[in-house]
Amino acid sequence: MKEKIGELLEDVKSFHADNMDQLEAFRIKYLSKKGIIPALFADFRNVNSADRKEMGLLMNGLKNAVQEKIILLKNSFENTSEIKEKPDLTLPSSSPLGTRHPLSIVRNDIIDIFSRIGFNVSEGPEIEDDFHNFSALNFPPDHPARDMQDTFFIEKDPDIALRTHTSSVQVRVMQNSKPPIRTISPGRVFRNEAISARAHCIFHQVEGLYVDTDVSFADLKQTLFYFAKELFGENTKIRFRPSYFPFTEPSAEMDISCNICGGKGCNICKYTGWVEILGCGMVDPNVLESCGIDNNKYTGFAFGMGIERITMLKYQINDLRLFFENDMRFLEQFKSSN
Ligand code: PHE
């Protein structure tokens, strides 16, 4: 019996398994109810008392050797499978390249166009106070003009609201810097509007501001003419219609010749040949004063446009809700764009 245990111990020590199945067979062979170890322990009865101590030690040694072997091999399998699951970070990606959202493409185009003529980019908070969103921009308290932009107020504090335009950012720029100021403010804005093909309660704007000595309406026109041609093509024409904004005087809305039909008339321009793209005007002297800029010395122009609207015109998209649904069939159509 002593010899038999010695042989079994050699077997156990030299045993190697390539996988879990082989290891399990090994375990069953030795440790299961009908396995070698229980059989040995059953035979222990027949060992004479002089040899019992030595045999007991040998048998326990064999049992321990089997158990250790199982643990050792099990660990080695787990470690290798762990290594297999770890990603190889040096491999090239097999996933397809992502695409930019159409609104981001157009926002970047607009930023590019204005940065070429010296405009920087400014950003500000989406949750604003009344001063930056309204008062500094010449909206008198309780003036109906505040209703032009249906506002989301923060409950319990009517002084705090989600900004309705990024003009609020320009107030901050004017407060914190000295002319000459040339800045554009892209960003998300919020208005309490019913969601439809033409309107959403969240949308994006780019507003622009130029403040310096001797800034005139001619500068405004020339800047926006350059912008429209760069974005919509060399043959684009522009026209201004008088309008009203509390923060600009005079104010105008700017149309471009319809980029779809070239001005001949189609359903996009409702057969007028023109489409409206932005609001603009000369900064009201009251606004300059509210923001700490000497309105005897400086004048300025401002403009603001909705990125959704510009993108719809540029890519002939007829429903604004598509921008917010993240339907891959829509987004993938912008694959080849920058
Ligand atoms: N802030 C205006 C709006 O959100 C747009 C605008 C900006 C108009 C600057 C004129 C001058 O509708």
Side-chain angles (χ1 to χ4, degrees), residues 100-124 165-170 173-174 179-189 203-212 214-243 245 247-263 268-269 272-283 299-317 320 323 334 337-338:
R100 276 196 203 288
H101 193 282
L103 294 178
S104 301
I105 295 170
V106 170
R107 184 199 52 211
N108 291 348
D109 285 349
I110 297 172
I111 292 174
D112 271 358
I113 292 169
F114 281 105
S115 60
R116 288 204 287 276
I117 53 169
F119 282 75
N120 65 12
V121 173
S122 47
E123 289 184 329
H165 48 187
T166 58
S167 306
S168 56
V169 179
Q170 314 200 325
V173 173
M174 284 191 275
I181 294 169
R182 269 180 302 218
T183 191
I184 53 169
S185 320
R188 199 157 35 181
V189 300
F203 60 100
H204 301 79
Q205 281 191 327
V206 176
E207 297 222 354
L209 175 72
Y210 180 22
V211 181
D212 201 351
D214 301 321
V215 177
S216 70
F217 205 97
D219 297 320
L220 164 66
K221 267 180 145 174
Q222 204 54 41
T223 304
L224 293 179
F225 187 36
Y226 153 81
F227 162 70
K229 284 203 295 190
E230 289 291 308
L231 194 67
F232 289 102
E234 189 56 35
N235 297 325
T236 310
K237 297 186 187 65
I238 59 168
R239 75 172 185 189
F240 290 85
R241 284 175 292 103
S243 186
F245 299 102
F247 31 89
T248 45
E249 182 59 36
S251 303
E253 270 164 300
M254 187 176 98
D255 298 340
I256 57 165
S257 51
C258 178
N259 65 316
I260 311 295
C261 63
I268 301 285
C269 61
T272 62
W274 296 95
V275 284
E276 185 216 316
I277 63 161
L278 56 80
C280 57
M282 300 306 293
V283 180
T299 49
F301 69 72
F303 56 88
M305 66 192 99
I307 303 181
E308 278 79 358
R309 177 157 179 77
I310 305 267
T311 309
M312 287 168 86
L313 288 172
K314 202 168 150 108
Y315 291 104
Q316 298 172 39
I317 297 164
L320 195 143
F323 293 128
F334 298 89
S337 306
N338 45 349

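Small disclaimer: the values here were computed from a predicted structure and weren't measured. Any value given below was found using the heavy atoms of this structure, including those in side chains, with hydrogens, waters and symmetry copies removed.
- Atom CD1 of Ile184 is separated from atom CD of Gln170 by 9.5 Å, given to the nearest 0.5 angstrom.
- The shortest distance between side-chain heavy atoms of Ile277 and Phe227 falls below 4.5 Å.
- When side chains are defined from C-beta on, His204 does not count as touching Phe323, because their heavy atoms never get closer than 4.5 Å.
- Using a 4.5 Å heavy-atom threshold, the side chains of Phe203 and Ile307 count as separate.
- In this structure, CG on Asn235 lies 12.0 Å from CD1 on Ile256, to the nearest 0.5 angstrom.
- Side chains of Val121 and Pro186 form a contact here, defined as non-hydrogen atoms less than 4.5 Å apart.
- Considering all non-hydrogen atoms of both residues, Leu278 and Gly304 come closest at CB-O, 3.3 Å.
- Interatomic distance, Leu224 CG to Cys280 SG, rounded to the nearest 0.5 Å: 5.5 Å.
- The two residues Glu276 and Arg309 have their closest heavy-atom pair at O-NE, 2.6 Å.
- Looking at residues two or more places apart in sequence or on another chain, you find a ring-ring contact (aromatic ring centres under 6.0 Å, His included) between Phe119 and Phe114.
- Taken to the nearest 0.5 Å, the NE2 atom of His101 stands 12.5 Å off from the CG atom of Asn108.
- Residue Glu234 comes nearest to Lys229 through the heavy atom pair O-CD, 3.3 Å, listed as atom of the first residue, atom of the second, then distance.
- In Arg239, the CZ atom is crowded: over 12 heavy atoms of neighbouring residues, nucleotides or ligands sit closer than 6.0 Å.
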Go through the steps to decide whether Tyr226 and Ile113 satisfy the test side-chain contact (heavy atoms from CB on, under 4.5 Å), and finish with yes or no. CA-CA 9 Å; Tyr226 153 81; Ile113 292 169; 3.5 Å; yes
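- Contact of the Gln316 side chain with the Ile260 side chain is registered, since non-hydrogen atoms from C-beta on lie closer than 4.5 Å.
- Note that CG of Leu313 is 9.5 Å distant from CG of Leu231, once rounded to the nearest 0.5 Å.
- Listed for the Thr166 side chain is a donor-acceptor partner under 3.5 Å among the backbone atoms of Ser185.
- The minimum heavy-atom distance linking Ala228 with Met254 is given by the pair CB-CE, 4.2 Å.
- Every ring-ring contact (aromatic ring centres under 6.0 Å, His included) that Tyr210 has, sequence neighbours left out, goes to Phe301.
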Audit row: Ser257, Thr236, side-chain hydrogen bond (donor to acceptor under 3.5 Å, both in side chains) steps and yes/no: CA-CA 6 Å; Ser257 51; Thr236 310; 5.1 Å; no
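- Annotation: the span from Arg107 atom CZ to Ile310 atom CD1 amounts to 14.0 Å, rounded to 0.5 Å.
- Proximity of the aromatic rings of Tyr315 and Phe334 is defined here by a centroid distance below 6.0 angstrom, and this criterion is met.
- Remark: Phe240 engages Phe217 in a ring-ring contact (aromatic ring centres under 6.0 Å, His included) (not counting sequence neighbours).
- Shortest non-hydrogen contact noted between Val215 and Asp219 is CA-OD2, 3.4 Å.
- Two rings, from His165 and Phe245, have their centers 6.0 Å or more apart.
- Of all heavy-atom pairs spanning Ser243 and Glu253, the tightest one is OG-OE1, 3.1 Å.
- Heavy-atom contacts from other residues, nucleotides or ligands closer than 6.0 Å to NZ of Lys314 number more than 12.
- No donor-acceptor pair under 3.5 Å is formed between the side chain of Asp255 and the backbone N or O of Arg241.
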